[in-house]
There are 2 protein chains.
Amino acid sequence: MNRLLRVYLMDQVTIFNDYVRRKGLKNTSQRLTILEAFLGSKLHFSTEDLYFRLRKDHPKIGYATVHRTLKLFAECGIARELDFGDGQARFEPLNADQHHDHLVCTNCGLIIEFTEPQIEKLQEQVAAQYNFKIERHRHELYGLCSKCTKLS
Amino acid sequence: MNRLLRVYLMDQVTIFNDYVRRKGLKNTSQRLTILEAFLGSKLHFSTEDLYFRLRKDHPKIGYATVHRTLKLFAECGIARELDFGDGQARFEPLNADQHHDHLVCTNCGLIIEFTEPQIEKLQEQVAAQYNFKIERHRHELYGLCSKCTKLS
DNA sequence: GAAGAAATTGAAAATGACAATCAGAAAGCT
DNA sequence: AGCTTTCTGATTGTCATTTTCAATTTCTTC
């Protein structure tokens with residue numbers, strides 16, 4: 001693990017620990033296990049994905065606990081909950097300084113991340129017009145990826 | 001009803017009728033009733049909303065029929081299906097020439113529509129970078145409306 | 001380090017939106 | 001009108017998610 005990654009991970013862990021302390025919650029071995037697996041995850045996984053991945057090494061951890069813990073991560077800001085309209089909630093590790101949105105291929109399920117600061121800026125302008133205070137947003141482009149465009 | 005509105009409604013009805021004919025479906029009194037109620041709707045209603053509204057004058061129309069018919073409207077392009085993450089699908093009448101996205105107040109539920117051609121354009125540019133072909137998109141800004149900002 | 005209060009866990013059951021089923025009714029072609 | 005196909009609506013099924021609750025674990029306080 002390189003230094004940058006270590007710092008990045010420490011941040012997430014610290015945020016979580018602070019949140020747990022502040023809310024009077026408890027630090028359990030399950031939460032630590034799930035946190036580690038979460039931080040080591042590919043992006044855009046569902047509760048089920050993580051649950052089955054954990055089952056290999058930690059067969060005692062229940063689905064409900066994984067689910068509750070992911071919700072907790074979202075609450076304390078280290079996870080973002082995604083919904084690509086396929087009836088399954090997805091999550092991704094989140095760090096404050098880089099925001100991105102998604103392109104979703106409706107044929108093969110490929111997910112591409114994109115960043116476009118100008119769009120973010122225009123969003124803010126739109127919100128300002130209505131005296132609206134943005135807390136979060138969702139911006140997803142659905143369609144065909146380059147591979148699937150060729151095939152069809 | 002003014003002339004413009006009449007023309008607009010006629011368009012929606014015509015699109016639906018053409019779709020029904022093309023697909024070998026049938027024109028039933030229930031579908032007509034639901035279509036009328038749909039076109040006369042405020043925006044962003046759920047299946048349940050429309051079902052209960054219809055029940056007053058048409059107590060025989062079942063929930064499943066309302067649900068299937070709204071899906072049909074979405075299929076033929078006169079409705080857009082929305083999902084604001086509250087676990088209920090919503091619908092709005094749609095006409096081809098004006099696209100809009102939404103601001104959603106997480107406190108009072110207020111929904112504001114907005115149009116920002118520049119964002120649409122930037123979206124297209126992003127997609128082009130990845131040789132991605134956009135079929136549809138979802139862009140929602142969640143936060144506090146001006147009223148709720150003052151109260152909190 | 002033990003005791004007690006409070007939170008957590010995990011299996012199971014509940015919930016809730018949506019989708020599927022199916023027998024009877026209606027539509028629309030000939 | 002007769003016949004085939006689709007539609008309707010009450011009910012049931014499905015599936016992700018949420019809740020329940022008794023047993024367990026954590027963490028503070030002595």
Side-chain angles (χ1 to χ4, degrees), chain A residues 16-38 44-76 79-91 109, chain B residues 13 16-38 44-76 79-91:
Chain A
F16 180 68
N17 283 337
D18 287 355
Y19 185 80
V20 164
R21 183 162 304 126
R22 194 167 65 250
K23 290 273 183 178
L25 306 177
K26 290 177 179 173
N27 244 315
T28 66
S29 66
Q30 289 92 333
R31 283 181 178 166
L32 272 178
T33 302
I34 296 168
L35 180 56
E36 277 170 25
F38 167 72
H44 323 121
F45 60 87
S46 65
T47 307
E48 209 185 346
D49 290 339
L50 190 59
Y51 170 65
F52 280 114
R53 188 142 54 84
L54 280 165
R55 267 233 311 222
K56 289 170 197 158
D57 292 333
H58 307 274
K60 293 284 198 58
I61 295 182
Y63 186 94
T65 300
V66 175
H67 175 262
R68 283 182 288 223
T69 305
L70 286 172
K71 287 280 187 188
L72 197 56
F73 292 168
E75 259 177 60
C76 77
R80 178 154 74 133
E81 199 171 339
L82 305 169
D83 172 11
F84 295 147
D86 62 347
Q88 269 208 310
R90 291 166 191 283
F91 295 85
Chain B
V13 172
F16 180 68
N17 283 337
D18 287 355
Y19 186 80
V20 163
R21 184 162 304 126
R22 194 167 65 250
K23 290 273 182 174
L25 306 177
K26 289 177 179 173
N27 245 317
T28 65
S29 66
Q30 288 93 333
R31 282 181 179 167
L32 271 178
T33 302
I34 297 168
L35 180 56
E36 276 171 26
F38 167 72
H44 325 120
F45 60 88
S46 67
T47 307
E48 211 184 345
D49 290 338
L50 190 58
Y51 171 64
F52 281 113
R53 188 142 53 84
L54 280 166
R55 266 232 310 222
K56 290 170 198 159
D57 292 333
H58 307 274
K60 295 284 200 55
I61 295 183
Y63 187 93
T65 302
V66 176
H67 176 262
R68 282 181 292 222
T69 305
L70 285 172
K71 287 280 184 188
L72 196 57
F73 291 167
E75 259 177 60
C76 77
R80 180 153 73 132
E81 202 171 338
L82 304 169
D83 172 11
F84 295 146
D86 62 347
Q88 269 208 311
R90 290 165 192 283
F91 294 85

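Just so it is clear, the values below take in all heavy atoms, side chains as well, and ignore hydrogens, waters and symmetry mates. Computed from a predicted structure; not experimentally measured. A note on names: the letters A, B, ... follow the listed sequences, proteins ahead of strands, and every chain is numbered from 1.
- One distance of note links CG of A:Leu70 with CG of A:Leu50; it measures 5.5 Å at 0.5 Å rounding.
- The CZ atom of B:Arg31 sits 19 Å away from the P atom of C:dA25 (whole-angstrom rounding).
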Along nucleotides 13-23 of chain C, 5' to 3', which nucleotides get a B, which get an S, and which get a -, given that the test is a protein heavy-atom distance under 4.0 Å?
----SSSBB--
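- Of the residues in residues 18-26 of chain A, those lying under 4.0 Å from DNA chain D by heavy-atom distance are A:Lys26.
- Take B:Arg80 and apply the salt bridge (Lys or Arg N to Asp or Glu O under 4.0 Å) test, not counting sequence neighbours, and it matches B:Glu92.
- A distance of 9.5 Å separates CD1 of A:Ile34 from NE2 of A:His58, quoted to the nearest 0.5 Å.
- Taking 4.0 Å as the cutoff to heavy atoms of chain B, we find the contact window on DNA chain D bounded by D:dT5 to D:dA10.
- Within residues 51-60 of chain B, the residues approached by DNA chain D to less than 4.0 Å at the level of any non-hydrogen atom are B:Lys60, in residue-number order.
- Contact detail for A:Ala89 and A:Glu81: the closest heavy-atom pair is CB-OE2, 3.9 Å.
- Taking B:Tyr63 as the reference, B:Tyr51 meet the ring pair (Phe, Tyr, Trp, His ring centres under 6.0 Å) condition, with sequence neighbours excluded.
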Please table the atom pairs, donor to acceptor, closer than 3.5 Å between any side-chain atom in residues 21-32 of chain A and protein atoms at least two apart or in another chain.
{"from": "A:Asn27", "atom 1": "ND2", "to": "A:Asn17", "atom 2": "OD1", "distance (Å)": "3.4"}
{"from": "A:Thr28", "atom 1": "OG1", "to": "A:Arg31", "atom 2": "N", "distance (Å)": "3.2"}
{"from": "A:Arg31", "atom 1": "NH1", "to": "A:Lys26", "atom 2": "O", "distance (Å)": "2.8"}

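- Atom NE2 of A:His67 and atom OG1 of A:Thr69 lie 10.0 Å apart (nearest 0.5 Å).
- Residue contacts for B:Thr28: at a heavy-atom cut-off of 4.0 Å it reaches the sugar-phosphate backbone alone, with no base atom in range.
- Side-chain contact check for B:Thr33 versus B:Glu36: every heavy-atom pair is 4.5 Å or farther apart.
- Remark: A:His44 engages A:His102 in a ring pair (Phe, Tyr, Trp, His ring centres under 6.0 Å) (not counting sequence neighbours).
- Considering only residues two or more places apart in sequence or on other chains, B:Asp86 meets the salt bridge (Lys or Arg N to Asp or Glu O under 4.0 Å) condition with B:Arg90.
- For A:Phe91, there are no ring pair (Phe, Tyr, Trp, His ring centres under 6.0 Å) partners two or more places apart in sequence or in a different chain.
- The aromatic rings of A:Phe38 and A:Phe45 stand perpendicular to each other, their planes meeting at an angle above 60°, with 30° marking the opposite boundary.
- Where the helix from C:dG1-D:dC30 to C:dT30-D:dA1 starts and where it ends, the local axes point in directions that differ by 30°; five pairs per end, rounded to 10°.
- Contacts of B:Asp83 classified as salt bridge (Lys or Arg N to Asp or Glu O under 4.0 Å), with partners at least two apart in sequence or in another chain: B:Arg138.
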